[in-house]
Amino acid sequence: MARKTVLVASAVGLHARPAALIAQAAGQYDEILLSLQGSDEDSVDAASSLMIMTLGAAKGAAVTVESENAEAVEQIAALIERDLDAE
């Protein structure tokens, strides 16, 4: 399984707009999971904007992206590392 941990760059974290953009991109692939470092919560489905928002990931939070597809991990990780609110 491919895995990458990145820091959230969006100014207000993974709220509605960033979560929707990530979910839209993740929907193009098979299962992609996100988890918040330091949290006891289970991983969430990256194709669900609602589930992404439940992570409560603020700016600067470490989020791990996991999938069997390394390309998918890189694409979703790159989105999390961008300030999606500024675009």
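All residue numbers in this chain count up from 1 along the given sequence. Quick caveat, the model's predicted, so the values are computed rather than measured.
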Contacts under 3.5 angstrom, residues 70-80 side chains, donor-acceptor by atom type, not counting sequence neighbours:
unit_1: E71; atom_1: OE2; unit_2: Y29; atom_2: OH; d: 3.3
unit_1: E74; atom_1: OE1; unit_2: K4; atom_2: NZ; d: 3.2
unit_1: Q75; atom_1: OE1; unit_2: Y29; atom_2: OH; d: 2.6

If only side-chain N and O atoms count, and only distance matters, is there a donor-acceptor pair under 3.5 Å linking S35 with E41?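 No - no donor-acceptor pair under 3.5 Å links their side chains.
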For the student: nearest non-hydrogen atoms of A11 and D85, plus distance: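 Taking A11 first and D85 second, the nearest heavy atoms are N-OD2, 3.8 Å.
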Nearest heavy atoms of A61 and L36, plus distance in Å: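 Result for this residue pair: CB-CD1, 3.7 Å.
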Distance (rounded to the nearest 0.5 Å) between R17 CZ and S10 OG: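 Reported value, rounded in 0.5 Å steps: 8.5 Å.
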Quick check for you: to the nearest 0.5 Å, what is the distance between L84 atom CG and I22 atom CD1? 5.5 Å
Determine, stepwise, if the pair E81 / L7 fulfils side-chain contact (heavy atoms from CB on, under 4.5 Å). CA-CA 6 Å; E81 291 180 308; L7 300 180; over 6 Å; no
Using a 3.5 Å cut-off and no angle test, enumerate the donor-acceptor pairs between side-chain atoms of residues 46-58 and protein atoms at least two apart in sequence or in another chain.
unit_1: S48; atom_1: OG; unit_2: M51; atom_2: N; d: 3.1
unit_1: T54; atom_1: OG1; unit_2: M51; atom_2: O; d: 2.5

If you count the non-hydrogen atoms of other residues, nucleotides and ligands that lie under 6.0 Å from CD in Q24, is the total more than 12? no
Partner set under salt bridge (Lys or Arg N to Asp or Glu O under 4.0 Å) for E68, not counting sequence neighbours: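 Once residues adjacent in sequence are excluded, E68 has no partner under the salt bridge (Lys or Arg N to Asp or Glu O under 4.0 Å) criterion.
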Which is it for E66 and I32 under the side-chain contact (heavy atoms from CB on, under 4.5 Å) test, yes or no, and what are the steps along the way? CA-CA 6 Å; E66 295 180 77; I32 302 171; over 6 Å; no
L33-V6 co-clustered via ILVMFWY side chain contacts under 4.5 Å: no
Quick one: does S67's side chain have a donor or acceptor within less than 3.5 Å of a partner on E31's backbone?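 Looks like yes, one N/O pair under 3.5 Å.
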